[in-house]
Amino acid sequence: MKINTLTLQELFRNDAMQALDTFAKAQDIRLYLVGGSVRDLLLKRRTTDFDFALAANAIRFAKAFAAHIRATCIVLEENPSTARVIVNQDNFPDPSRLSMDFVQFRAESLAGDLRLRDLTINAMAIVFENVDTLADHAHKSNFCRVIDPCGGMEDLETGLLRFPSDGVILADPIRLLRIYRFAAQLGFEISQNAIALIQKHQELLPSVAAERCRDEFMKILDVKKAHPYLQQMNAVGLLAQMLPTVNRERIPWQPLKSFEETPIPLRAYDEEINNYLQEELGGGVSRYSLVKLSLLLDGNFADIGERLQLSRKATQFVEDIISKYEQFFKNLNRQLTREEIICFLRTAAADWWGVLLYAAALHAIDSAVIKKIADTYYKHILPIHKQGRLITGDDLIQIFHLKEGKQIGDLLEQIEERQFNGEIRTREEALAAVQALIRQSQ
């Protein structure tokens, strides 16, 4: 595989990268671009996060370099020595935000360090030096500046994922999930040897912190076509380790596939739906991935928030779309009336789109029905929300001389109900309705 010269030129043309090259040479430090940074460069994937390895004193070097360019340095780990330098955009003309991680070898040599990494495609390195040198030689067929002790370049070319050894799983069982995440993100196949190792060591996964498992799993769900990889995880028993309440023999794959193929079933509101699905609900978890999780759970959402260590918002979202679906759509064999649509939109509140998309994946709801519900929200419910309440409790106390208590709450609720049903539209109509309700109660 040839190095993507253009990408490397763009990388090294960056002022912060040139400053790093100059600084490292002045300190007589040899840096290596390693791991995912090399993988992405070879795959011609753009990135602004770069990993560097050096033989010793990684934290000290990172702090000195950050001070030199007036950037931010964060110590990530003491063993192995690891620090991150975040380049402030104001310091350089290039507007790209750069994140540079510096890590000390975890073995006596660079090759030994690379063999400890999670996958062969992430176990490569490039000597960090001026791009002119790389560009001068990259065209030569016999030139290979990539340090590749595990055969990662060949695996990149064939689209294959392998573990460098059995030991990398034992060292960190999160790699059981990570290999599926990379398979989903890159569209690669997992080698038969790797699958055998996954089956052999899958029971180690529960020993990994729930937050780390959640992050890898939700990244899989966030991929546009995740269902083939989730099916592979299910086949080897790994999905059961993540979601033990789900019956692996009865997972509803078709609704999940339908949602992935048509996550936006209504082009009239594609921007609104896309923005809604991409919004994160804590921990980098999007509504898009949470809808998929909900479809996988097939109604078995008990303790899912605790098991995956989801945020309160994310947990509530999953619980709400499943429960509201069961309330309004599960046994519905006819079209919703206008009153039922309004009730649904008010009850589901901010996540009515989530409930509707979840229901559409399960039952292929006609687009005309979806449009009717969406139109009702945007043309009727939303304007009322923006308008706000026509009257308040203070109005009832001052105008009708009522005392604070249950009666005021009941009256306000009835007025709001009539407002959403379109029976009253102005403050005057609301006050007249209150007067009539008081008379009826006397």
Do other residues, nucleotides or ligands put more than 12 heavy atoms under 6.0 Å from the CD atom of E189? no
Aromatic contact between F329 and F344, with the criterion being ring centroids under 6.0 Å apart: yes or no? yes
Would the distance check show the side chain of N274 and the main-chain N or O of D270 forming a donor-acceptor pair, the cut-off being under 3.5 Å? no
So with a 6.0 Å cut-off around CD of Q387, is the heavy-atom count from everything else above 12? yes
Should the heavy atoms of other residues, nucleotides or ligands under 6.0 Å from CD of E154 be counted, would the total exceed 12? no
For the residue pair L239 and R248, establish whether any side-chain heavy-atom pair is separated by less than 4.5 Å. no
Hey, can you tell me if F102 and F52 have their rings parallel, tilted or perpendicular (30° and 60° cut-offs)? parallel
Mind telling me whether H385 and Y377 have parallel, tilted or perpendicular rings, with 30° and 60° as the class edges? tilted
Does Y276 reach the main-chain N or O of G354 with its side chain, forming a donor-acceptor pair under 3.5 Å? yes
Is the distance between the ring centroids of H227 and F259 less than 6.0 Å? no
Heavy atoms from other residues, nucleotides or ligands near CD of Q278 exceed 12 (cutoff 6.0 Å): yes
Give me the one residue out of F317, Y325, W353 that meets ring-ring contact (aromatic ring centres under 6.0 Å, His included) with Y358. Y325
Mark yes or no for whether E211, through its side chain, and Q309, through its backbone, hold a donor-acceptor pair below 3.5 Å. no
A quick test of your reading: do over 12 heavy atoms of other residues, nucleotides or ligands sit less than 6.0 Å from CZ of R307? no
Just by modelled atom types, is the E271 backbone N or O under 3.5 Å from a matching donor or acceptor in the N275 side chain? yes
Just by distance, no angles: are the side chains of D155 and T120 close enough, under 3.5 Å, to form a donor-acceptor pair? yes
R30 atom CZ: more than 12 heavy-atom contacts under 6.0 Å: no
Check the pair I251 / L230 against side chain to side chain contact (heavy atoms under 4.5 Å, CB included), numbers first and verdict last. CA-CA 10 Å; I251 294 176; L230 294 167; over 6 Å; no
Regarding S258 and Q254, do their side chains bring together a donor and an acceptor under 3.5 Å, going by distance alone? yes
Looking at F23 versus F61, is the centre-to-centre ring distance below 6.0 Å? yes
Using a 3.5 Å distance criterion without hydrogens, assess whether the side chain of T82 forms a donor-acceptor pair with backbone atoms of P80. yes
